[in-house]
Amino acid sequence: MSLHPRERYEVVIGLEVHTHLRTQSKLFSPAPVRYGDEPNHDVHPIDLALPGVLPVLNVAVIELAIRLGLAINGTVNRRSVFARKNYFYPDLPKGYQISQYEEPTVSGGWLEIEVPVAGGKAASSGKAASSATRGEFEIKRIGITRAHLEEDAGKSIHDPALAGSDDTLVDLNRAGVPLLEIVSEPDLRSSGDAVTYLKKLRSILRYVGVSDADMEKGQFRCDANVSLRPVGREAFGTRTEIKNINSFAMVEGAIEAEITRQAEILDDGGEVVQATMGYDPVKRRTRVLRLKENADDYRYFDDPDLIPLLIESEQVERVRAALPELPDAKRARFEDDYALSRHDAEILTSSRPLAAFFEEAAKIHGGGKKIANWVLRDLLALLKEREVEVDALALEPGALAALVKLVDSGRLTAKSAREIFPELADGGGDPEAIMQARGLEAVQDTGLIEGAVDEVIAANPKSVASFREGDKKVLNFMMGQVMKRTQGKANAAEVKRLLEAKLAG
Ligand code: ADP
Ligand code: MG
């Protein structure tokens with residue numbers, strides 16, 4: 001067969017996301033939840049299930065679970081039950097993890113992602129996800145099966161520098177940290193879909209204050225379930241589950257590597273075996289860690305030390321009333337209030353601090369579209385380069401508004417404004433004062449601009465001749481020459497007007 005595997009097989013992905021809840025203490029013990037402490041300093045006997053201890057539910061997690069449930073359009077169940085999931089591992093000295101199994105706190109939700117429209121048939125034949133197309137982006141609704149509360153396990157450290165080459169160290173600071181496991185339906189169709197879904201989910205979690213979801217601190221990790229099916233076939237293929245993915249680059253790399261591995265097996269006429277996989281980012285390969293254990297292997301049973309969690313509808317309504325505006329609602333409002341495209345509004349609302357910054361600057365300036373252009377181009381590039389959120393910069397929304405106003409009025413060229421911008425980002429301050437201090441005020445003097453235009457025309461007879469013979473492209477070159485002579489401070493529209501007038505004459 002000559003088609004690329006991506007054209008012969010459709011990729012099916014479902015994600016299980018583990019996100020640490022923003023709490024002071026653990027799910028069932030008073031030990032603190034802190035990051036970066038000395039190993040094994042934040043541990044309480046309850047976290048180890050020492051004889052005689054009893055777990056006590058941290059009530060702060062209830063509100064966080066409700067917030068998440070509402071934010072993903074899910075059902076917050078009136079009754080949920082904590083169960084014991086039994087397994088042995090060195091980082092789980094209890095011998096079981098307290099989780100929810102048959103009765104989770106949240107069930108049945110969804111969120112929408114905006115992804116580029118894929119060219120091939122493979123990408124559009126998924127029937128599980130409902131899609132609506134707009135422009136070059138497609139909106140996909142991704143189902144969320146459930147979100148359940150559970151405690152995290154400790155951490156095994158295999159680093160030879162710390163542990164010696166054969167040994168493993170165990171840090172139990174993380175044991176008992178509250179988390180929500182959010183399980184998606186198998187509605188994702190590419191590694192790109194998976195990354196976009198994770199970013200959207202992380203954004204929602206941060207908006208509603210459920211989790212800081214910092215991947216570097218291990219607060220937001222996922223397991224990716226991947227299967228392939230021949231294009232056109234309805235039944236899903238056998239899936240494998242890639243464990244413990246903790247960066248966006250790794251999500252993409254791990255899923256792509258697993259697609260390649262499965263496609264090779266299927267191409268050879270073989271069968272994919274259900275298994276738990278690990279990903280090696282250096283070798284860019286997935287490998288089988290263990291053959292898949294089934295739920296039966298965990299011998300789940302209701303935890304006899306804990307009563308069912310009951311959540312009254314009054315509490316759900318109180319939490320609903322206090323929820324901030326969610327990303328999708330904000331996006332729709334930005335489209336209307338500031339006449340933005342859906343795509344631009346989606347990016348502007350991808351983080352709460354960014355959305356707040358944009359909105360304040362737009363209000364002060366009075367023109368949302370112009371502010372949006374600056375935020376989407378210059379500000380985002382800067383944030384990406386420095387890997388920070390906008391509130392880490394000295395830049396004030398009012399300063400951006402003032403900068404754009406200076407450009408509007410012709411007192412500052414866009415080029416000079418772009419020179420001032422990084423200075424505002426680092427040191428704050430008033431754009432007008434910086435413009436004056438650096439002598440960047442645009443040349444308003446028509447006489448001065450005219451002089452420069454005349455010089456350029458006199459110095460470039462060949463260009464003038466080409467222009468008059470119909471080669472309009474030389475105009476850009478000549479404008480550049482005038483700009484050079486005025487140190488980029490001449491108003492571009494004025495230069496163009498004068499040049500055209502003189503060349504025509
Ligand atoms: P387990 O406990 O075995 O991990 P879960 O029900 O917690 O099972 O999670 C199953 C995950 O696998 C879900 O995200 C689901 O969408 C996904 N999934 C189920 N079937 C497939 C499949 N054939 N291909 C890809 N993903 C799948
Ligand atoms: Mg699971």
Side-chain angles (χ1 to χ4, degrees), residues 9-19 72 74 80 83-87 89 96-111 113 122-123 125-130 140-150 153 179-198 200-201 220-231 233-245 251 254-263 265-266 271-279 286 288-300:
Y9 298 111
E10 185 178 33
V11 179
V12 174
I13 302 166
L15 296 178
E16 298 164 67
V17 170
H18 293 89
T19 197
I72 57 164
S80 45
R84 288 188 186 179
K85 179 181 184 178
N86 300 281
Y87 66 94
Y89 208 70
Y96 63 89
Q97 176 192 25
I98 305 180
S99 180
Q100 296 178 325
Y101 181 52
E102 282 166 327
E103 297 180 73
T105 298
V106 176
S107 40
W110 52 265
L111 57 76
I113 57 172
S125 64
K127 71 161 210 43
S130 66
K140 282 191 188 171
R141 181 171 285 199
I142 308 302
I144 292 173
T145 319
R146 53 192 266 143
H148 60 254
L149 285 162
E150 65 181 29
L179 58 81
L180 272 165
E181 177 174 334
I182 303 160
V183 182
S184 88
E185 291 287 312
D187 287 348
L188 301 155
R189 292 289 173 271
S190 67
S191 59
D193 279 8
V195 170
T196 307
Y197 168 85
L198 289 170
K200 184 73 179 258
L201 182 59
F220 187 81
R221 328 187 283 271
C222 86
D223 304 336
N225 296 269
V226 179
S227 68
L228 300 183
R229 61 180 170 188
V231 168
R233 181 177 302 172
E234 192 153 334
F236 286 146
T238 303
R239 73 179 151 120
T240 59
E241 178 174 357
I242 315 163
K243 279 285 178 196
N244 271 320
I245 304 176
V251 173
I255 291 175
E256 289 300 323
E258 182 57 12
I259 292 171
T260 302
R261 190 190 71 92
Q262 290 189 13
I265 293 174
L266 296 175
E271 277 180 26
V272 173
V273 179
Q274 193 177 340
T276 300
M277 316 293 294
Y279 175 62
T286 50
V288 175
L289 293 181
R290 51 186 182 270
L291 295 182
K292 181 65 187 172
E293 54 283 273
N294 287 311
D296 291 356
D297 298 329
Y298 292 119
R299 297 291 188 271
Y300 277 100

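In what follows, every heavy atom counts, from backbone to side chain, and hydrogens, waters and symmetry copies are set aside. Just follow the structure's listing: the first ligand is 1, and inside any ligand the first atom is 1.
- The two atoms that bring L15 and C222 nearest to each other are CD2-SG, 4.3 Å, heavy atoms only.
- Atom numbering of ligand 1 starts at 1 in the shown order; those under 4.0 Å from a heavy atom of V183 are 9 (O), 13 (C), 14 (O).
- Neither the backbone nor the side chain of T238 has a heavy atom within less than 4.0 Å of ligand 1.
- Considering backbone and side-chain atoms together, E181 places no N or O closer than 3.5 Å to any N or O of ligand 1.
- Listed here is the closest heavy atom pair of F220 and L198: CZ-O, 3.6 Å.
- Not counting sequence neighbours, the partners of R261 by the salt bridge (Lys or Arg N to Asp or Glu O under 4.0 Å) test are E258.
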For this session: Please report the C-alpha distance between T105 and Q100 in whole Å, then the side-chain angles of each, then the deciding distance to 0.1 Å, and finally whether the side chain to side chain donor-acceptor pair (under 3.5 Å) criterion is met.
Result: CA-CA 8 Å; T105 298; Q100 296 178 325; 2.9 Å; yes
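- Residue contact check: E241 has heavy atoms under 4.0 Å from atoms 4 (O) of ligand 1.
- Atoms of ligand 1 lying under 4.0 Å from any heavy atom of G237, numbered from 1 in the order shown and given with element: 23 (N).
- For Y87, the OH atom counts as densely surrounded, since its 6.0 Å shell holds more than 12 non-hydrogen atoms of other residues, nucleotides or ligands.
- In the vicinity of E185, heavy-atom distances shorter than 4.0 Å reach the ligand 1 atoms 16 (O).
- Close contacts between ligand 1 and G14 involve ligand atoms 14 (O), 16 (O), 17 (C), 26 (N) [criterion: under 4.0 Å to a heavy atom].
- By the 30° and 60° cut-offs, the orientation of the rings of Y300 relative to Y101 is parallel.
- At a heavy-atom distance under 4.0 Å, atoms from both the backbone and the side chain of V12 approach ligand 1.
- The shortest N or O to N or O distance between F236 and ligand 1 is not under 3.5 Å.
- Considering backbone and side-chain atoms alike, V226 places every N or O at 3.5 Å or more from each N or O of ligand 1.
- Every atom of ligand 1 is numbered from 1 in the order shown, and the set under 4.0 Å from a heavy atom of S184 is 13 (C), 14 (O), 15 (C), 16 (O).
- Considering every non-hydrogen atom in both S80 and E103, the closest pair reads CB-O, 3.2 Å.
- Evaluation of the side-chain contact (heavy atoms from CB on, under 4.5 Å) rule for E185 yields T145, D187 as partners, not counting sequence neighbours.
- Residue nearest to atom 11 (C) of ligand 1, selected from V11, N225, L188: N225 (by heavy-atom distance).
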